[in-house]
Amino acid sequence: MRLKVTCEDRLGMTRELLDILVEHQIDLRGIEIDTSGIIYLNFPTLDFTSLQHLMPAIRRIPGVFDVKTIPCMPSEQEHNAITALLRVLPDAVVAVDGSGRITLANDAACALLGQPQAELRQQPLGPRLKGVHVSRWLEQDAPGPLSEKVMLEGEPYLADFLPIWVDEESGGPSLAGAVVVLKSAWRIGQHFKAMRHRESAHFDGFIAQSPAMSELLREARRLAALDAPLLIQGETGTGKEQLARACHHASLRGEGPFILLNCAAIPDEAAENELFGYAPGAFGNNAQGKRGVLEQANGGTLLLDEIGEMSAWLQLKLLRVLQDGVFRRLGDEQEVKVDIRVICTSQQDLAGLVQDGRFRRDLFYRLNVLNLRVPPLRQRQKDIVPLAQHLCTRFAAELERPRPRLAPALADYLQHYPWPGNVRQLGNSLYRAISLLEGDELGPGDLSLPEQEPLPGLDSLCDGSLEEAVKGFERRLLERLYPEYPSTRQLARRLGISHTAIANKLKDYGIGRHGRERS
């Protein structure tokens, strides 16, 4: 039990309190005195009757203003706060005395040193740290703060040595020991990533007034700071490459190279040369050799655009690089080690390709550690007009002409057009329109966009029963959408039904791959 006694700061007050405790046969465990006029008492818990007699007796002491029970003594409260603080700190914190012997260690330090705090006390810290002499530092006349790289259990750490000074009664400071904070290389890297994440403005160029795009950029900012492989999926023209570049520049590798390899644009026989390069003399009289994109991207980021188009043989080669970080140039026996982050983009549903046996399952799980899906423009209605205004400003500057106004009818037209080519189609149509525009206002007729045709043969559906009409409409709808969403998972997501239901319907109607299987 603890009591807080508020009283006058006078001679003999403490003695009179102690006499009361003796009179009531109470064993005092601790006492703390605050010069502001507060005395704290610590003694075993009393029953209610004994406490009823003790409290009035203390209040009758001349100069006592108030007496009340408290949960803990000031020193206990301070100790609990320090203990709680040290417990939640992710870095290892160790306190040593003037001889370099451990007096205190938090939970992270105990885990790192492999012993509980009771066993660590009074053990010398110096022999555990390779790279700095703790005792010699403490023996200096006035040791100052020190930061050194040390090795602990074969792992590198940054150690901050902070001296503890206390004031002597004579007025001079005296060295009481030191606090040592140990940060792992991984933790330091996380700190740098967090700083780059907060300071990065590389995502500011995206128009994101729609909820879908705002959520994408929120996730992208967090994933950009990580170093694991990143898979970016989305329809053609949605801006996957632009997002990949922003993620690279916002990462710790932002100052390193950013190399792009379009997997859909190079034949298989040239892909290996592009990816791995070749040694001098590997082909005829070539004496120079060539560095592949893996080697060119060392220390930076390699973007594999349209990874779903990569051949199965090349997928196997890439898998080993991701596993071991090493490869061989063509015609070379020496292994090359690289440190790269791989970002992949695909407009195809890679999970669906895996299920269809057209993409390696093990490579998919290597690449799909972190993932982002860029929403199509039709799901970003709030972004369409701001995007159009931004693009008009840019294109007008490129064409050295005044920026045209957007007619009110154009804004409504842009928001209701389906945009199968997404942002790329919007940009191309605006560029063409501004190039040919003779006035200063842009209207719907200036864009020359292909009209979306209604589903063919709707009139013929009226001849049969309701069930036949529903099935006929369903078949025509799936035939219309399948070229735009050429996998069952994509089409199921578009229509909001299960993957299995879509697969069964495509099979029933003989659409796509299922139609080829039936024929």
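Since the model is a prediction, treat every value here as computed from it, not as a measurement.
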Practice prompt. Could you verify whether a donor N or O on one side chain and an acceptor N or O on the other, from Ser210 and Asp383, lie under 3.5 Å apart?
Written response: yes
Which residue pairs pass the ring pair (Phe, Tyr, Trp, His ring centres under 6.0 Å) test when at least one of the two sits in [range], sequence neighbours left out?
{"range": "residues 95-118", "answer": "none"}
{"range": "residues 292-337", "answer": "Phe276-Phe327"}
{"range": "residues 113-146", "answer": "Trp137-Phe161"}

Response to the item:
Across all chains, not counting sequence neighbours, the side chain to side chain donor-acceptor pair (under 3.5 Å) partners of Ser214 are none
Response to the item:
Across all chains, not counting sequence neighbours, the side chain to side chain donor-acceptor pair (under 3.5 Å) partners of Gln315 are none
So, using side chain to side chain contact (heavy atoms under 4.5 Å, CB included) as the criterion, who are the partners of [X] when residues are at least two apart?
{"X": "Glu398", "result": "Arg394, Phe395, Tyr431"}
{"X": "Pro145", "result": "Leu162, Pro163"}
{"X": "Arg291", "result": "Glu295, Gln296"}

Counting C-beta onward and ignoring hydrogens, is there a side-chain heavy-atom pair between [X] and [Y] closer than 4.5 Å?
{"X": "Met55", "Y": "Leu3", "value": "yes"}
{"X": "Leu302", "Y": "Val338", "value": "no"}
{"X": "Glu306", "Y": "Lys240", "value": "yes"}

Worksheet entry | Ring geometry between Phe359 and Phe364 (parallel below 30°, tilted from 30 to 60°, perpendicular above 60°) | perpendicular
With sequence neighbours left out, what residues match [X] under salt bridge (charged side-chain N to carboxylate O under 4.0 Å, His left out)?
{"X": "Arg489", "answer": "none"}
{"X": "Asp362", "answer": "Arg360"}
{"X": "Asp9", "answer": "none"}

Worksheet item: Minimum heavy-atom separation for Met213 to Ala208, with atom names?
Response: CG-CB, 3.8 Å
Please tabulate, one pair per line, all N/O donor-acceptor pairs under 3.5 Å involving side-chain atoms of residues 109-116, not counting sequence neighbours.
unit_1: Gln115; atom_1: OE1; unit_2: Gln123; atom_2: NE2; d: 3.3
unit_1: Gln115; atom_1: OE1; unit_2: Arg128; atom_2: NH2; d: 2.6
unit_1: Gln115; atom_1: NE2; unit_2: Glu119; atom_2: OE1; d: 3.2

Worksheet item: Do NZ/NE/NH1/NH2 and the carboxylate oxygens of Arg101 and Asp97 come within less than 4.0 Å?
Response: no
